[in-house]
Amino acid sequence: MSKSDTQPQSYTPRDWDSMAGFIDSGYKSTGKRGVSRNLLEINPDLAALTGPAFGAESVGELDHDLTRNGRVNGEPLGERIIVTGQVLDEHGNPVPHTLVEVWQCNAAGRYVHKKDVHDAPLDPNFLGAGRCMTDAEGRYRFISIKPAAYPWGNHPNAWRPAHIHLSLFGPSISTRLVTQMYFPDDPLLAFDPIYQSVPAGARERMVSRFSLDVTEEAWALGYIFDIVLRGPSATPEA
Amino acid sequence: MTLKQTPSQTVGPFFAYGLTPEQYLYDFRQLVDGQMRPREDMPGEAIRIVGRVFDADGQAAEDAMIELWQPNAAGRFNHPADQRTERPLIEGFSGFGRFGTGTDPDARFIFDTVKPGAIDDRQAPFITVIVFMRGLLNHAYTRLYFSDDQAAQAHDPVLQSVPAERRQTLIAERRDTATGVEYNFDIHMQGERETVFFDL
Ligand SMILES: [Fe+3]
């Protein structure tokens with residue numbers, strides 16, 4: 001955990017105009033699982049201003065490289081990608097030394113998870129899970145294989161656009177975020193109830209951009225995905 | 001505000017090998033689990049917290065992930081924002097736990113921890129609970145209070161701000177079992193007994 005000179009007294013609220021509703025008519029399982037009553041307001045106290053702190057020791061040498069951390073006897077199949085970006089708060093300040101956890105399906109659209117029954121091949125050399133820490137400037141970077149679309153049972157002919165799941169903490173449990181990163185120009189985005197559950201104007205923030213600068217010659221395509229967490233709403237006087 | 005928040009998305013059904021891999025027997029090192037009391041001699045009362053996450057039909061979710069965040073038995077959070085040195089930190093107690101409901105035959109989450117101390121004179125002891133699952137587009141925060149803290153709860157400002165008829169949804173029931181103290185905390189996403197969730 002990095003030492004900060006000013007401890008916030010509270011964080012800005014969740015920007016509900018940027019968030020999906022808990023119950024979404026297009027995404028079926030929200031109907032019985034989404035919160036149906038109003039959330040209760042709560043005054044921020046130490047329980048909301050604190051949260052777990054993962055140190056550099058949390059991350060192993062290959063954890064950020066999904067093309068290597070699941071190898072058994074060779075390279076995983078698929079298109080190699082580099083995903084990098086900056087984790088910032090709403091004021092534009094970097095969120096340093098925070099944990100980023102990721103998981104995804106393989107290049108055929110199949111998850112290693114035992115409950116994934118999609119009839120696409122598993123890749124013996126790809127697990128699809130990784131983690132890294134942001135650096136002092138809030139930057140993170142991991143290497144992976146481009147995930148593919150996969151079908152799901154939400155409605156007839158339902159396919160999830162290619163995506164990577166991300167989980168972040170930031171400085172407190174108030175700044176906790178679980179989201180999904182999508183790829184630019186994916187035609188499935190227009191038909192995906194999970195992506196579409198987020199209001200237009202906000203959902204586009206979940207789409208990464210292709211970058212030739214991040215791309216490494218003859219090796220991997222580069223994508224940039226910046227992430228914005230809630231920021232301090234006030235800082236105590238010195 | 002110069003930047004806008006990144007929207008939340010569901011954790012989906014397949015989080016386990018990324019977030020709770022060892023619990024689900026995947027070959028990937030796990031950072032955190034339900035064992036929040038790594039030492040037998042950890043100061044404070046050893047407790048187990050068990051519960052299930054129910055949907056509108058009363059079906060227990062087998063693909064939910066629960067996270068707990070709590071102070072230690074002295075009411076101190078292991079975090080730089082809590083500088084109250086008169087309340088000691090306890091070596092080895094992080095205060096954070098994570099558990100998926102997919103490995104228990106009854107879809108329960110199970111945490112072994114210590115009972116938290118009150119964080120100040122006004123509030124009764126509690127644990128912050130975060131719910132993630134397929135079908136939940138934004139994670140949901142709630143609070144777990146303990147059934148044997150009634151006196152302190154009578155003047156707890158948060159509990160008292162909750163409509164009286166819904167307060168019970170935040171109280172974990174204490175049970176003394178052969179193996180120790182257990183608190184049951186079921187979470188109802190909807191229905192008559194819908195748990196109170198907070199806009200934290
Ligand atoms: Fe997915």
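Labels below follow one simple rule: chain letters A, B, ... track the order of the sequence lines, proteins then strands, and each chain is numbered from 1. These values consider heavy atoms only, across backbone and side chains, with no hydrogens, waters or symmetry-generated copies.
- Atom CD of B:Gln150 has 12 or fewer neighbouring heavy atoms from other residues, nucleotides or ligands inside a 6.0 Å radius.
- Note: B:Trp69 leads B:Trp69, B:Phe15, B:Phe198, B:Tyr24 in heavy-atom pairs under 4.5 Å with chain A.
- Chain A forms more heavy-atom pairs under 4.5 Å with one residue of B:Val11, B:Ile119, B:Thr128 than with any other, namely B:Val11.
- By number of non-hydrogen pairs under 4.5 angstrom with chain B, the leading residue of A:Arg160, A:Lys114, A:Lys28 is A:Lys114.
- Looking at A:Pro13, only its backbone comes within 4.5 Å of chain B, counting heavy atoms on both sides.
- Under the 3.5 Å distance criterion, with hydrogens and angles disregarded, no donor-acceptor pair is assigned to the side chains of B:Asn138 and A:Trp16.
- Between the side chain of A:His165 and the backbone N or O of B:Gly18, no donor-acceptor pair lies under 3.5 Å.
- No side-chain heavy atom of B:Phe54 sits less than 4.5 Å from a side-chain heavy atom of A:Arg33.
- Ionic pairing of A:Asp17 and B:Lys4 is not present here: no N-O contact between side-chain nitrogen and carboxylate oxygen is shorter than 4.0 angstrom.
- For A:His91, the parts sitting under 4.5 Å from any heavy atom of chain B are the backbone and the side chain alike.
- Side-chain contact between A:His113 and B:Tyr26: present, with at least one pair of heavy atoms (C-beta onward) separated by less than 4.5 Å.
- The closest side-chain heavy-atom distance from B:Phe77 to A:Leu46 is below 4.5 Å.
- Formation of a donor-acceptor pair under 3.5 Å by the A:Tyr27 side chain with backbone atoms of B:Gly135 is found in this model.
- At distances below 3.5 Å, not a single donor-acceptor pair connects side-chain atoms of A:Ser36 with backbone N or O atoms of B:Gln190.
- Chain A forms the most heavy-atom pairs under 4.5 Å with one residue out of B:Arg98, B:Gln70, B:Arg84, B:Gln59, and that residue is B:Arg98.
- Between atom CG of residue A:Asn69 and atom CZ of residue B:Arg29 there is a gap of 11.5 Å, rounded to the nearest 0.5 Å.
- Contact annotation for B:Pro71: neither backbone nor side-chain heavy atoms come within less than 4.5 Å of a heavy atom of chain A.
- Using a distance-only test at 3.5 Å, with no hydrogens or angles considered, a donor-acceptor pair links the side chain of B:Tyr141 to the main chain of A:Ile173.
- If you measure heavy-atom distances from B:Ala61 to chain A, the contacts under 4.5 Å come from both the backbone and the side chain.
- When heavy atoms are compared at a cutoff of 4.5 Å, A:Leu177 approaches chain B by way of both its backbone and its side chain.
- Using a 4.5 Å cut-off on side-chain heavy atoms (C-beta onward), A:Phe22 and B:Phe197 make no contact.
- Using modelled atom types, one side-chain atom of A:Gln180 and one backbone atom of B:Thr10 make a donor-acceptor pair closer than 3.5 Å.
- Per-residue heavy-atom pair counts under 4.5 Å with chain B were compared for A:Pro44, A:Gly128, A:Ser172, A:Gly60, and the maximum is reached by A:Gly128.
- In this structure, B:Asp176 places its CG atom where more than 12 heavy-atom neighbours from other residues, nucleotides or ligands lie under 6.0 Å away.
- Shown here is B:Glu86, whose CD atom has more than 12 heavy atoms of other residues, nucleotides or ligands within 6.0 Å.
- Remark: A:Asn43 CG is loosely packed, at most 12 non-hydrogen atoms of other residues, nucleotides or ligands lying under 6.0 Å away.
- Only the backbone of B:Asp27 comes within less than 4.5 Å of a heavy atom in chain A; its side chain stays farther off.
- Here the closest heavy-atom approach between residue A:Trp103 and residue B:Phe14 is recorded as CD1-O, 3.4 Å.
- Ring-plane geometry between B:Phe96 and A:Phe169 is classed as perpendicular, the angle between the planes exceeding 60 degrees on a 0 to 90 degree scale with a lower cut at 30.
- Between chain B and the residues A:Ile194, A:Thr12, A:Ile227, the largest count of heavy-atom pairs under 4.5 Å involves A:Ile194.
- For B:Val53, no part lies near chain A; criterion is any non-hydrogen pair under 4.5 Å.
- The environment of B:Asp121 atom CG is sparse: at most 12 non-hydrogen atoms of other residues, nucleotides or ligands sit within 6.0 angstrom.
- Heavy-atom contacts from other residues, nucleotides or ligands closer than 6.0 Å to CD of A:Glu61 number 12 or fewer.
- Heavy-atom distances place no part of B:Arg122 under 4.5 Å from chain A, backbone and side chain included.
- In terms of heavy atoms, B:Leu3 sits closest to A:Gly92 at CD1-CA, 3.6 Å.
- The line from OG of B:Ser161 to CD1 of A:Ile42 is 7.0 Å long, rounded to the nearest 0.5 Å.
- Both the backbone and the side chain of A:Thr50 come within contact range of chain B, with heavy atoms under 4.5 Å apart.
- No donor-acceptor pair under 3.5 Å is formed between the side chain of A:Arg205 and the backbone N or O of B:Pro7.
- Most heavy-atom pairs under 4.5 Å with chain B: of the set A:Arg230, A:Arg37, A:Met19, this distinction falls to A:Arg37.
- Between A:Thr30 and B:Leu137, the closest side-chain pair of non-hydrogen atoms falls below 4.5 Å.
- With chain B as the partner, the residue from A:Glu101, A:Lys32, A:Glu41 showing the most heavy-atom pairs under 4.5 Å is A:Lys32.
- Heavy-atom distances place the backbone of A:Glu57, and not its side chain, under 4.5 Å from chain B.
- Under a 3.5 Å cut-off, the side chain of B:Thr2 and the backbone N or O of A:Glu90 do form a donor-acceptor pair.
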Discussion item. Before you tell me yes or no, could you show the steps for B:Arg143 and A:Asp45 under salt bridge (charged side-chain N to carboxylate O under 4.0 Å, His left out), namely the whole-Å CA-CA distance, both residues' side-chain angles and the distance that decides it to 0.1 Å?
Written reply: CA-CA 13 Å; B:Arg143 283 184 167 196; A:Asp45 57 24; 2.8 Å; yes
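- Annotation: side chain of A:Arg131 is in contact with side chain of B:Phe28 (closest heavy-atom distance under 4.5 Å).
- Of the atoms belonging to B:Val158, it is side-chain heavy atoms, and not backbone ones, that fall under 4.5 Å from chain A.
- Contact check for A:Leu40 versus B:Asp199: no side-chain heavy atoms found under the 4.5 Å cut-off.
- Ranked by heavy-atom pairs under 4.5 Å with chain B, the list A:Arg203, A:His163, A:Arg176 is led by A:Arg176.
- Nearest heavy-atom pair across B:His79 and A:Leu49 is CE1-O, 3.6 Å.
- A:Leu166 is not listed as a side-chain neighbour of B:Gln9, based on a closest heavy-atom distance of 4.5 Å or more.
- Listed options B:Arg134, B:Gln5, B:Met189 were ranked by heavy-atom pairs under 4.5 angstrom with chain A; first place goes to B:Gln5.
- For A:Val112, the parts lying near chain B are the backbone and the side chain together; criterion is any non-hydrogen pair under 4.5 Å.
- Between A:Lys115 and B:Asp63 there is no salt bridge, since none of the side-chain N atoms of the basic residue sits less than 4.0 Å from a carboxylate O of the acidic one.
- For the set B:Leu136, B:Leu200, B:Leu31, the entry with the most heavy-atom pairs within less than 4.5 Å of chain A is B:Leu31.
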